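Take a look at the structure set out below.
Counting convention: from 1, in listed order, for ligands and their atoms alike. Source: prediction; values computed, not measured.
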Amino acid sequence: MNNIGMVFLVGAGPGDPGLLTVKAAELIKKCDVLVYDRLVGPQIIAGAAQDSERLFVGKESSNHSLPQEEINQLIVDRARQGKMVVRLKGGDPFVFGRGGEEAEFLKLNGIPFEIVPGVTSAVAAPAYAGIPVTHRDFTSTLTIITGHERPEKKESSVPWEQIAAGKGTLVFLMGVENLGTIVSRLIAFGRSPDTPIALVRWGTLPYQEVLTGVLHNIADEVKARGFLPPAVIVVGEVVKLREDLQWFDNRPLSGRTIVVTRARSQASHMVAELERLGAQVIEFPTIRIKPIAAPGLQECLVKISEYSWLTFTSVNGVKEFINQLNELGFDIRDLKGPRICAIGPATAAEAESRGLRVSIIPPEYRAEAAADILLSEMEAGEQMLLPRARGAREILPVMLRERGIIVDELEIYEAALEASVSPHALGLLKDADIDLITFTSSSTVNNFVALIGAEGLSGLQKEVKVACIGPITANTAVEAGFTVDIIPQEYTVDKLVQAIVEFMGQNA
Ligand code: SAH
């Protein structure tokens with residue numbers, strides 16, 4: 001007989017991937033089988049190992065896509081095969097997640113299990129709306145209630161009389177569809193019709209929406225606005241605190257949808273910054289960094305001390321140069337001789353992180369400025385090594401050669417067209433209400449156009465704002481038919497993000 005596996009009933013938190021517990025993240029990474037519900041976001045699922053089995057079992061409030069008995073049986077079967085199973089549920093597994101029932105079933109079948117609590121939406125969604133569920137000045141009780149009870153049910157399991165009495169905060173989950181019944185019962189059993197109420201839809205996620213009102217008008221409001229589930233409903237005086245404590249939707253880029261077209265391997269810093277500022281980011285990588293084994297590299301390394309300068313023009317250039325140098329059996333000690341020039345602070349930081357001291361960073365991060373400063377340091381007949389991307393602009397070597405400097409160029413990588421655009425990203429691009437597209441190089445512009453095609457482009461160019469990292473990229477964008485709204489003074493990703501914030505602030 002096989003060893004019996006193990007089941008972890010794990011809370012995934014309310015949606016923001018940052019609210020996943022450390023323990024949950026570790027288990028998701030390690031498990032053999034991941035069984036998850038609708039309210040668990042794709043970013044969290046993406047944390048599972050490539051070879052893990054991922055089973056979506058649906059579960060919507062009114063439409064269970066796999067019956068609970070089958071879910072239970074599936075989990076038990078996998079555990080009996082000796083698998084480590086993570087049963088992942090939105091929020092906390094024991095707060096209206098039927099986690100209790102699943103645990104009982106495991107116990108009954110002799111399957112070992114552990115419970116990993118999660119951050120429940122009942123508390124987190126109000127918190128992201130600036131509503132503390134308890135506050136000494138207003139209430140010291142909190143009741144979490146199912147809003148999903150069928151209205152035709154004769155014997156209510158919700159003690160309406162008790163919860164309506166007093167001033168305690170009430171949080172209803174799964175209640176949007178029954179909102180009319182909920183508020184009329186609360187009023188009928190004695191809550192003031194003027195009690196504040198808030199609905200928080202998709203709480204903690206970039207597209208969170210909040211609707212506030214009072215008991216007697218909220219149902220009409222919800223209908224008028226077409227406000228849809230899933231939402232957490234909060235009732236009580238604490239809702240008023242939102243006026244003061246609102247924060248999530250006040251961030252500089254809240255409510256903005258921004259497309260990032262950089263290569264996936266380079267995008268993370270920019271994506272994290274934009275998200276921290278409140279934006280919803282759609283990652284649409286248009287390029288893929290592809291190393292090119294440079295035939296001349298070995299020879300250049302052997303005579304490295306003859307170069308007076310080694311110039312890096314990008315982070316990828318540094319990475320590829322060092323990788324290939326290592327593959328050829330050299331290491332950074334073999335770079336003795338030339339001084340190092342890095343175009344841009346990120347390039348310099350990458351070089352320094354590899355133990356290479358950078359002597360100059362040109363004041364402006366483009367080839368012309370680099371040529372000027374190098375020319376002020378070099379004389380005719382001196383040599384420079386320039387490892388960089390295939391298809392890079394000719395201006396730097398041309399300007400140096402005109403003045404008698406010997407430039408050895410090495411093509412060590414190329415920005416290839418990202419061949420596999422995920423249908424998910426493409427769908428988002430078509431459906432989402434995009435505010436802004438960012439381009440961080442000419443190849444991101446050209447490839448973006450190639451990937452989404454003329455038809456997709458004509459839909460986009462009218463209203464969407466465009467931000468480019470610098471003037472060269474902006475020219476390419478203009479040639480492709482875009483109107484460029486944002487170019488930072490300094491051509492770095494951080495300055496680009498800052499310029500986006502300023503622009504959006506002025507165009508709110
Ligand atoms: N175990 C979950 C609740 C499951 S019941 C938890 O602890 O959060 C499903 C209900 O939770 C939804 O109908 C909705 O009312 C609420 N919910 C879950 N995630 C939510 C979110 N991000 N924003 C708003 N409501 C959410």
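In this structure, Gly90 counts as a contact residue of ligand 1, since one of its heavy atoms falls inside 4.0 Å of the ligand.
Some N or O of Ala231 is nearer than 3.5 Å to an N or O of ligand 1, by distance alone. No N or O atom of Thr204 sits closer than 3.5 Å to an N or O atom of ligand 1. Close N/O approach between Leu39 and ligand 1 is not found [any backbone or side-chain N/O within under 3.5 Å]. Inclusion of Val95 in the set of residues having an N or O under 3.5 Å from an N or O of ligand 1 is warranted. Inclusion of Gly203 in the set of residues having an N or O under 3.5 Å from an N or O of ligand 1 is warranted.
Using a cutoff of 4.0 Å between basic side-chain nitrogens and carboxylate oxygens, Lys167 and Glu237 are not scored as salt-bridged. By the 4.0 Å N-to-carboxylate-O rule, Arg98 lies close enough to Glu101 to be salt-bridged with it.
The ligand atoms of ligand 1 that sit less than 4.0 angstrom from a heavy atom of Thr120 are 6 (C), 7 (O), 8 (O). Listed by number with element, the atoms of ligand 1 under 4.0 angstrom from any heavy atom of Pro14 are 21 (C), 22 (N). Applying the 4.0 Å criterion to heavy atoms of Val200 picks out, from ligand 1, the atoms 24 (C). Numbered from 1 in the order shown, with element, the atoms of ligand 1 that lie under 4.0 Å from a heavy atom of Ser121 read 6 (C), 7 (O), 8 (O), 11 (O), 16 (C), 17 (N), 18 (C), 19 (N), 20 (C), 26 (C). Distances below 4.0 Å separate heavy atoms of Trp202 from the following atoms of ligand 1: 22 (N), 23 (N), 24 (C). If you number the atoms of ligand 1 from 1 as listed, the ones under 4.0 Å from a heavy atom of Val232 come out as 24 (C), 25 (N), 26 (C).
Ring-centre distance between Phe113 and Phe8: not below the 6.0 Å cut-off.
Using modelled atom types, one finds a donor on one side chain and an acceptor on the other under 3.5 Å when comparing Tyr413 with Ser314. Under the 3.5 Å distance criterion, with hydrogens and angles disregarded, a donor-acceptor pair is assigned to the side chains of Tyr128 and Asp16.
Residue nearest to atom 4 (C) of ligand 1, selected from Phe96, Phe94, Phe172, Tyr128: Phe96 (by heavy-atom distance).
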Checklist entry - Going through the distances and angles, do Leu436 and Val259 end up as a side-chain contact (heavy atoms from CB on, under 4.5 Å)? => result CA-CA 6 Å; Leu436 179 89; Val259 180; over 6 Å; no
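Within the cation-pi definition used here (under 6.0 Å to the ring centroid, within 45° of the axis), Arg136 does not qualify as a partner of Phe138.
For the side-chain hydrogen bond (donor to acceptor under 3.5 Å, both in side chains) condition, the pairs that include at least one residue of residues 69-78, sequence neighbours left out, are Glu53-Arg78, Gln68-Asn72, Gln73-Asp77.
A distance of 8.5 Å separates CD1 in Ile289 from CZ in Arg262, rounded to the nearest 0.5 Å.
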